[in-house]
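Throughout, protein chains are lettered first and strands after them, A, B, ... in sequence-line order, and every chain is numbered starting at 1. Values below: all heavy atoms of this structure, side chains included; hydrogens, waters and symmetry mates excluded.
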Protein chains: 2
Amino acid sequence: MDLREGQSEIAEASLSLAERLFLTLRGEIVEGQIPAGSKISEPELARRFNASRGSLREALMRLESLGLLERRVNVGARVVDLTERGLLELYDVREALEGMACRLAALERTEEDLAALRQMLARHEQQEELQAGRAYFQPEGDFDFHFRIVQASGNDLLIDTLCNRLYYRVRMYRYQLGMASPRAKRAFHEHSHIIEAIEAGDGELAEILMRRHIRASRQNIEKKLR
Amino acid sequence: MDLREGQSEIAEASLSLAERLFLTLRGEIVEGQIPAGSKISEPELARRFNASRGSLREALMRLESLGLLERRVNVGARVVDLTERGLLELYDVREALEGMACRLAALERTEEDLAALRQMLARHEQQEELQAGRAYFQPEGDFDFHFRIVQASGNDLLIDTLCNRLYYRVRMYRYQLGMASPRAKRAFHEHSHIIEAIEAGDGELAEILMRRHIRASRQNIEKKLR
DNA sequence: TACATCAGGATTGTCGACAATCTACTGATG
DNA sequence: CATCAGTAGATTGTCGACAATCCTGATGTA
């Protein structure tokens with residue numbers, strides 16, 4: 001595979017080589033093709049992508065700032081490993097940030113935001129009925145939901161922190177620990193109520209419901225882990 | 001100035017050159033020696049520090065991931081500029097995260113944490129009495145307070161997000177927009193009540209008080225800006 | 001056997017040079 | 001006079017090589 005030739009799925013010409021490497025590696029780490037906890041060899045990866053070590057190192061540093069890699073001077077980089085503790089920490093941070101996002105979304109939402117949210121909800125309901133209980137697409141659907149609400153908050157710092165930083169870790173846990181939520185039906189109703197609160201402009205309620213939603217998901221995971 | 005020779009205030013030998021550059025530049029950006037909104041010239045900075053462009057670029061990328069710099073491909077890096085909106089966004093994110101930190105600190109705090117918090121509070125009280133109203137050291141004192149509570153939360157992701165990421169932006173606004181809080185006496189009492197809640201192990205109350213504390217600070221700034 | 005010491009090999013950190021790209025100015029044209 | 005194309009200069013992106021550092025395992029000693 002040679003990213004310079006534009007053969008990659010992600011290789012848009014307008015991006016720098018280092019950025020394409022970053023995007024490719026991010027995907028492989030999130031999906032576990034590069035296993036969690038494994039060591040990264042700069043020369044090996046550079047050869048694999050026909051890139052120089054410099055460009056590769058730039059990509060690695062971006063991954064580090066995403067929290068997907070840990071680097072130590074004169075030692076090298078390792079993919080973070082997935083721990084129960086790390087997963088639970090992630091939930092607490094999401095509860096705080098997405099709760100706030102939900103509050104802000106209720107106050108700042110535009111008509112477009114509302115239309116998109118309603119449409120998404122309808123689509124999810126349809127999918128749910130079709131698949132009655134199997135909840136196959138739910139993970140990505142749940143992701144859409146949270147993603148869109150954060151976008152609607154209008155707070156760029158919040159959006160960046162969640163969507164460009166934390167969510168890749170969330171997806172990494174989902175892919176690799178296979179946490180396809182078995183709470184499909186219940187989650188759908190919670191989503192529905194949250195959107196109602198946002199529509200009503202009730203920031204306080206929207207925040208409470210979102211926090212409860214995330215905490216329920218966390219408790220569900222916690223129970224599963226024992 | 002040549003960071004390789006160890007003449008810098010920050011030049012600990014165990015760090016890589018790129019890391020020392022990063023620390024130095026971070027300080028200069030936070031304190032405004034490199035003005036907000038100004039363009040960064042890689043060749044110029046590299047000459048100034050007697051470093052190669054490669055090492056400097058590594059430092060710049062870390063600054064970007066801190067949100068202190070914005071880079072665009074084939075164009076270069078600029079220091080972020082300080083806007084009213086950005087400041088208010090920062091407050092909302094802090095309210096969410098530090099509220100959660102406070103809740104967790106109330107549940108997870110160790111005896112050492114409590115001792116440190118009490119001692120810090122006593123020191124601040126003393127300083128406040130000494131300076132009666134002038135509130136000169138309050139900004140750094142306030143910083144200590146928030147910093148320590150976040151540490152006591154025990155959530156590494158939360159700690160990293162606040163202490164290694166957001167707080168540098170906070171300090172940048174404080175230095176350059178000169179937001180020495182005029183709420184010294186009132187802030188002290190709020191701090192005091194928050195620590196009481198943490199001591200009592202009342203996570204819910206601790207979170208509410210911290211959020212109110214930060215929101216009051218935000219409203220104070222908002223009023224000032226008009 | 002357990003522990004410390006010390007090469008050998010490999011990996012990371014740093015550098016200077018070349019290629020690709022953008023910016024600003026000059027000049028031509030409607 | 002305004003607008004646009006083109007060129008010159010400077011800046012960023014990328015690369016390969018050298019130096020500094022670390023890890024592994026082999027050797028020797030208590």
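- For the segment residues 71-80 of chain B, residues with any heavy atom less than 4.0 angstrom from an atom of DNA chain D are, sorted by number, B/Arg71, B/Val73, B/Asn74, B/Val75, B/Gly76.
- Contacts of B/Phe22 classified as ring-ring contact (aromatic ring centres under 6.0 Å, His included), with partners at least two apart in sequence or in another chain: none.
- Among residues at least two apart or in separate chains, side-chain hydrogen bond (donor to acceptor under 3.5 Å, both in side chains) pairs with a member in residues 36-45 of chain B are B/Glu42-B/Arg53, B/Glu42-B/Arg57.
- B/Asn50 places its CG atom 14 Å from the C1' atom of C/dG16, with the value rounded to the nearest Å.
- Using a 4.0 Å cut-off, no side-chain N or O of A/Lys39 falls inside it from OP1 or OP2 of C/dA10.
- One interatomic measurement links the two molecules: CG of B/Leu15 to P of D/dA20, which rounds to 18 Å at whole-angstrom precision.
- The A/Ser41 side chain lies nearest to C/dT11 when the options are C/dC15, C/dT11, D/dT14.
- If you measure from atom CD of A/Glu19 to atom P of C/dT21, you get 15 Å, rounded to the nearest angstrom.
- If you take CD of B/Glu42 and P of D/dA10, they are 16 Å apart, rounded to a whole angstrom.
- Scored by the salt bridge (charged side-chain N to carboxylate O under 4.0 Å, His left out) test, A/Arg85 finds A/Glu89, B/Asp156 as partners (sequence neighbours excluded).
- With sequence neighbours left out, B/Arg215 forms a side-chain hydrogen bond (donor to acceptor under 3.5 Å, both in side chains) with B/Glu95.
- Applying the salt bridge (charged side-chain N to carboxylate O under 4.0 Å, His left out) rule to B/Asp81 yields no partners; only residues at least two apart in sequence or on another chain are considered.
- Classification of the B/His191-B/His124 ring pair by plane angle, with boundaries at 30° and 60°, yields tilted.
- Rounded to a whole Å, the CG atom of A/Leu69 is 11 Å from the P atom of C/dT12.
- Here D/dG13 presents its P atom at 14 Å from CD1 of B/Ile40, a figure rounded to the nearest Å.
- Atom CZ of A/Arg53 and atom C1' of D/dA17 are 10 Å apart (whole Å).
- Using a 4.5 Å heavy-atom threshold, the side chains of B/Thr161 and B/Leu97 count as touching.
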For residues 107-119 of chain B, which side-chain donor-acceptor pairs fall under 3.5 Å, sequence neighbours excluded?
unit_1   : atom_1 : unit_2   : atom_2 : d
B/Arg109 : NE     : B/Ile198 : O      : 2.6
B/Arg109 : NH2    : B/Glu199 : O      : 2.7
B/Thr110 : OG1    : B/Glu112 : N      : 3.4
B/Thr110 : OG1    : B/Glu112 : OE1    : 3.3
B/Thr110 : OG1    : B/Asp113 : N      : 3.1
B/Thr110 : OG1    : B/Asp113 : OD2    : 3.1
B/Asp113 : OD2    : B/Thr110 : N      : 3.1
B/Arg118 : NH1    : B/Glu199 : OE2    : 2.2

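- The distance between atom CZ of B/Phe49 and atom C1' of C/dC15, rounded to the nearest whole Å, is 17 Å.
- A heavy atom lying under 4.0 Å from DNA chain C marks the following residues of residues 54-68 of chain B, by number: B/Ser55.
- Legend: residues meeting ring-ring contact (aromatic ring centres under 6.0 Å, His included) with A/Tyr167, ordered by chain and number and at least two apart, are A/Phe143.
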